[in-house]
There are 2 protein chains.
Amino acid sequence: MNIGEAARVSGVSAKMIRYYEQNGLIPPAERTASGYRDYSTNDVHMLRFIRRARDLGFSVAEINELLGLWRDRSRQSADVKRIALARIGDLRRKIEEMEQMAATLEHLATCCSGDNRPDCPILADLENPDDGDEPKRPRGAIN
Amino acid sequence: MNIGEAARVSGVSAKMIRYYEQNGLIPPAERTASGYRDYSTNDVHMLRFIRRARDLGFSVAEINELLGLWRDRSRQSADVKRIALARIGDLRRKIEEMEQMAATLEHLATCCSGDNRPDCPILADLENPDDGDEPKRPRGAIN
DNA sequence: GATAGGGCTTCCCATCGTTGGAAGGTCAAG
DNA sequence: CTTGACCTTCCAACGATGGGAAGCCCTATC
């Protein structure tokens, strides 16, 4: 299938597909005799994976690393496992933070459920979590 | 406390604090007689909240909205609740996606735990989730 | 065969969040 | 007094993405 269809079914814009190819995130697409990029369903899977990972805040570099786990047949399995586990750790941490945030907002929603909202505790609730002093800062992954 | 200390304890760089102030995300800081910005612990809470929200992928605009819930005393409680619930929905959705991704990576990690890694199913596992065909696309957008 | 709508390429520009630096000045603590 | 932290304003860059223009080629349809 050509780039337009691949974009449609993967949810990644044609522009970004070309961009990813240019930056080595995906291998250069096959070309038809007339020079059109030609995508397999496998390529589409890769694109979907990329999109999902981007949606979750993974940087392109990180996605590249993840795709490498699958791509590089030559890679040490221990390496693969290590990287995967590290990413899982990141995810779990972020999930926890998100749950905290959701809880805070839920508290806000219920505490304000009447018509007379009291002093809303968005901030008060959020000061306890670990961070702030330590600059662990993995920062949105991006970068 | 001055901006440096506020940055230190909030985990938001001094530069970003000024940037947030400039963009109305936080109200202009008090100033000492000599013109230094002067931050209260409340301000620090706000900064921490901002940082946490940014880490979770909220855009500055969204954070502004959230801070507004707490800031604007004049706001309709129903409004506050609506927005909070919407954000909670976003979070829950993202948490689910992250859990899927973590599961996939876990599968990868265990399937590759031996020394002979098989065809890794990163992509195969990821094609089933809803998206891709339907263009719900809050994100990248197709073009 | 002509036309329209993709695709191809290479540009350049804009956005957002963030960081970095320079320059030139003021302040506070040693 | 010196040093470091702050003040200001600027300007640039990054990564990821979107938008567009220009010019040319391909494909499908009438």
Side-chain angles (χ1 to χ4, degrees), chain A residues 1-26 28-39 43-44 46-67 135-143, chain B residues 1-26 28-39 43 46-67 135 137-143:
Chain A
M1 87 189 66
N2 63 20
I3 201 173
E5 199 179 345
R8 229 169 295 121
V9 301
S10 70
V12 179
S13 70
K15 208 149 188 177
M16 289 314 296
I17 294 177
R18 296 197 196 96
Y19 172 81
Y20 290 148
E21 175 179 322
Q22 199 175 346
N23 293 12
L25 225 174
I26 54 178
E30 300 287 310
R31 298 296 185 127
T32 65
S34 51
Y36 280 23
R37 286 178 180 80
D38 193 24
Y39 295 95
D43 294 328
V44 171
M46 215 184 298
L47 289 171
R48 284 190 187 161
F49 176 80
I50 291 172
R51 180 163 74 76
R52 281 170 39 85
R54 291 289 306 129
D55 283 352
L56 296 184
F58 283 95
S59 73
V60 167
E62 287 168 326
I63 296 171
N64 209 350
E65 191 188 46
L66 287 178
L67 285 176
K136 66 167 191 177
R137 318 249 46 228
R139 224 252 85 56
I142 299 188
N143 249 347
Chain B
M1 91 190 60
N2 63 21
I3 201 172
E5 199 179 345
R8 228 169 295 120
V9 300
S10 70
V12 179
S13 70
K15 210 143 189 178
M16 290 313 295
I17 295 177
R18 296 197 195 99
Y19 171 82
Y20 290 148
E21 174 178 325
Q22 199 175 347
N23 293 13
L25 227 175
I26 54 178
E30 301 287 310
R31 297 294 185 127
T32 66
S34 51
Y36 280 23
R37 287 179 178 80
D38 193 24
Y39 295 96
D43 294 329
M46 215 184 297
L47 290 171
R48 284 192 188 159
F49 176 80
I50 291 171
R51 181 164 75 73
R52 281 170 38 85
R54 290 289 306 130
D55 283 351
L56 296 183
F58 283 95
S59 73
V60 167
E62 287 169 326
I63 296 172
N64 211 349
E65 190 188 47
L66 288 178
L67 286 176
R137 317 251 51 222
R139 197 214 160 55
I142 291 196
N143 227 349

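These numbers were taken from a predicted model, which means no experiment stands behind them. Numbered from 1 within each chain, the chains take letters A, B, ... in sequence-line order.
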(request) Take the protein atom CD1 of I3(B) and the nucleotide atom C1' of dG4(D), then report the distance between them rounded to whole Å. (result) 16 Å
(message) From CE of M1(A) over to C1' of dG6(C), roughly how many Å is that when rounded to an integer?
(response) 16 Å
(message) If you compare all heavy atoms of L47(A) against all heavy atoms of S10(A), which two are closest, and at what distance to 0.1 Å?
(response) CB-CB, 3.5 Å
(message) Would you say S59(B) places a side-chain N or O within less than 4.0 Å of OP1 or OP2 belonging to dC16(C)?
(response) no
(message) Nearest 0.5 angstrom please: Y20(B) OH to M46(B) CE, how far?
(response) 13.5 Å
(message) What is the distance, to the nearest angstrom, from the CD atom on Q22(B) to the P atom on dG17(C)?
(response) 13 Å
(request) Taking the side chain as every heavy atom from C-beta outward, state whether R31(A) and R37(A) have any atom pair closer than 4.5 Å. (result) yes
(request) With heavy atoms under 4.0 Å as the rule, sort F58(B) into base, sugar-phosphate or nothing. (result) nothing
(message) Would you say that I26(A) contacts D43(A) through its side chain, given a criterion of any heavy-atom pair below 4.5 Å between the two side chains?
(response) no
(message) Tell me the bend of the helix from dG1(C)-dC30(D) to dG30(C)-dC1(D) as the angle between end helix axes, each from five pairs, rounded to the nearest 10 degrees.
(response) 20°
(message) Check this one for me: any side-chain N or O of R54(A) less than 4.0 Å away from OP1 or OP2 of dT17(D)?
(response) yes
(request) Could you state the atom-to-atom distance from OH of Y19(B) to P of dT8(D) in whole Å? (result) 17 Å
(message) Does dT9(D) have OP1 or OP2 under 4.0 Å away from a side-chain N or O of R18(B)?
(response) no
(request) Find out whether I63(B) and F49(B) are in side-chain contact, i.e. whether some heavy atom of one side chain is under 4.5 Å from a heavy atom of the other. (result) yes
(request) Rounded off to whole Å, could you give me the CD1-to-C1' distance for the I63(A) and dG15(D) pair? (result) 12 Å
(request) Run through I50(B), L66(B), N64(B) and flag the one making a side-chain contact (heavy atoms from CB on, under 4.5 Å) with F58(B). (result) L66(B)
(message) Determine whether a donor-acceptor pair (one donor, one acceptor, N or O, separation below 3.5 Å) exists between the side chain of K15(B) and the base of dG21(C).
(response) yes
(request) Can you tell me the distance, in whole Å, between the CZ atom of R37(A) and the P atom of dG7(C)? (result) 11 Å
(message) Whole angstroms only, please: what is the CD-C1' distance between E5(B) and dC27(C)?
(response) 16 Å
(message) The side chain of M16(A) is closest to which nucleotide in this list: dA5(D), dT17(D), dT18(C)?
(response) dT17(D)
(request) Mind calculating the distance between CG (L25(B)) and P (dG17(C)) to the nearest angstrom? (result) 9 Å
(message) How long is the straight-line distance from CG of L56(B) back to CD of E62(B), given to the nearest 0.5 Å?
(response) 11.0 Å
(request) To the nearest 0.5 angstrom, please state how far the CG atom of L25(B) sits from the CZ atom of R54(B). (result) 9.5 Å
(message) Taking the side chain as everything from C-beta on, heavy atoms only, tell me whether R48(A) gets closer than 4.5 Å to V9(A).
(response) yes
(message) Does a side-chain N or O of Y20(A) approach OP1 or OP2 of dT17(D) to a distance below 4.0 Å, or not?
(response) yes
(message) With a 3.5 Å distance limit and no angle check, can you tell me whether N2(B) reaches the backbone of D38(B) through a side-chain donor-acceptor pair?
(response) no
(message) Below 4.0 angstrom, which residues in residues 28-36 of chain B have at least one non-hydrogen atom near DNA chain D?
(response) R31(B), G35(B), Y36(B)
